[in-house]
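Only one structure is covered here, and it is reproduced in the block below.
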Amino acid sequence: MTTIRLYNTRTRSKGDFTPIDAQNVRLYVCGPTVYDRAHVGNARPVVVFDTLFRLLRHVYGADHVSYVRNFTDLDDKINATALQRQQAGAEGTLEALIHQRTEETIGWYHADMDALGAMRPTSEPRATEFVGAMIAMIEALIAKGHAYAAEGHVLFDVRSYPDYGQLSGRSVDDMIAGARVEVAPFKRNPMDFVLWKPSDDQLPGWESPWGRGRPGWHIECSAMSYELLGASFDIHGGGLDLQFPHHENEIAQSCCAHPGAGFANVWMHNEMLLVEGKKMSKSLGNFFTVRELLQQGYPGEVIRFVMLSTHYRKPMDWTAEKAREAEATLRKWRALSAGAQDDGQIDQAVVDALADDLNTAGAIARLHAMAREISANSTRDCFYEKGVFLASARLLGLLSDDLAGWDTEVDLSALTEKLTAVRADAMASKDFSGVDALKSALIAAGVEVRMSKAGVELVPGAGFDPAKLEGLL
Ligand SMILES: [Zn+2]
C-alpha cells in the first residue's frame, strides 16, 4: 500500500500518515460562512482538500474515508442581509429570511465548487443543526473549570489550558501583546474567547442555561467534528488564516472537553491566494468570486488546474498567463485522451507525487511527461497508455466527464484564411484598417492572434467565446 506523507503544522515536520482506523479515515475541513458568493481565495482549500480526499479514497478505498466540511450558517452578515430584506418589504419572519439567505448561498457554493470539479464531502453539517451539541460541550467545559459564564456570555478561560498557542507556536503573553483582542469588562483575561453570546429579539437565538443566545464561531467546529468524527480523528484542514485564533481555539475546546483524546492528529494548512502577485483586496480591485471568473470565460477545469500547479503550502499566484497555459494544456490533454478507457489503472509516479505531502505540481509534471510520450508514439497503438493517462489525471480531478464540454474543438481555419487574405491585401494597399478590425474582433472573442512572416495562426485562448465569431466570415 502507498504510504502517504503529510506535513503536520503542529509538529512542523513531514511524517508518515497512519490513520487511527484504516477502515474509516477521518478528515475535517473548516467550511464557508454562507453569507455571500465564495471568492476565489475560498476555493483554494476546497480544491486542495478535494485532492487529498481523492488520494485517501484511492489508497484506503472509496468507502473508507469520511470527509466533513461544515457550513457556518450563523453569522452577523447573514442576519444583516435578512434584516435588510425584511426592512425592504420582504415577506416572512426574520428566521425564514435568514433561512432563505443561507439556502441561496449554499446553492451558489455547491454550484461554484461543482464547477471546479470538487467532490461533495461525505457530510456537510450546518451549525444551526448542532446547537444542542454545542450547548452540551460548553456545559462540560464549565463543569471542568475551563469556561465561565458572565453577563449572558460564556467564555473559554485560556489560562486553564497550558498548551494554548502550541499549534501556531505563540505564548498567551505574546498573543496579548500582538493581537487586537476585544477587551470586555466580563473577561478574566483579554485572550478569553466567546463560547456563547446573548441574542436580542432581532437575532436568531436558542434557549440555554445562560439565557437566550447563540454560539460563538469556534465552538461550531469542535462540536460538529466530535458529533460526526469522534473525539479523535486523523486530519484537520483549513486555510492558513484560520490557524490562529480559530484552530487554536478549536484545539483548546476539544482537548479540554475530551481530555486525553487528542482531537486531530495531523493539521494541514493551505497558503493564501494572490492575484497577479498581489494580495486580493476589494480596494485593489482584484477581488473576485469564483462565479465572476467562470463568467469571464475561465472554465472551472482551468481554474482547478492553475490552483493545483502550485504546492498547497506555497502562496498561489493567480495570473491570466497561467490560466492561458493551463487552458492550452488541458485542450491538448483532452484531445489526447479522447475515447480512451479509464480502467482505474493509475500511474504509480502520479500517486507517489500526491502521496508526498500532496505534491500536485509534481503530479502535473509527470502527466506532462506521459502526454509527451504518448504524442511521440502516436503512430503505434497507445490505447492502454492513454487509459492510464486519463485515470491518472482524474486522480487530480482533471479530465473528468463532469468538467468536459468547454474544450469543444472549433474550426478556425476559415477565419485563418480570411485574415491571411485581408493581411495580404493590406500589405499591397498599405491600409491596415481591415486587418486591425478583424484582429480586434477575434481578440474580443477570446482568440489569440499570432501573426509572423510564416503566416497567421489563430488559437482559442482563455475566455474563448465561439458565439462572438458569428458574422466575421
Ligand atoms: Zn473550524
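Ligands are counted one by one from 1 in listed order, and the atoms in each one are counted from 1 as well. Counting begins at 1 with the first residue of the sequence.
Rounding to the nearest 10°, we obtain 120° for the angle at the Zn ion (ligand 1) between H246 NE2 and C30 SG.
In terms of distance to the Zn ion (ligand 1), the nearest N, O or S atom of E250 is named OE2.
If you run side chain to side chain contact (heavy atoms under 4.5 Å, CB included) between Y148 and each of V154, L195, I142, D192, only D192 comes through.
You'll find the ring centres of F305 and W333 inside the 6.0 Å limit.
Among the backbone and side-chain atoms of H236, no N/O/S atom is found under 2.8 Å from the Zn ion (ligand 1).
For the 3.5 Å distance criterion, the side chains of Y164 and N249 qualify, holding a donor opposite an acceptor.
Aromatic ring pairs are classed by plane angle as parallel below 30°, tilted from 30° to 60° and perpendicular above 60°; the pair H247 and H236 is perpendicular.
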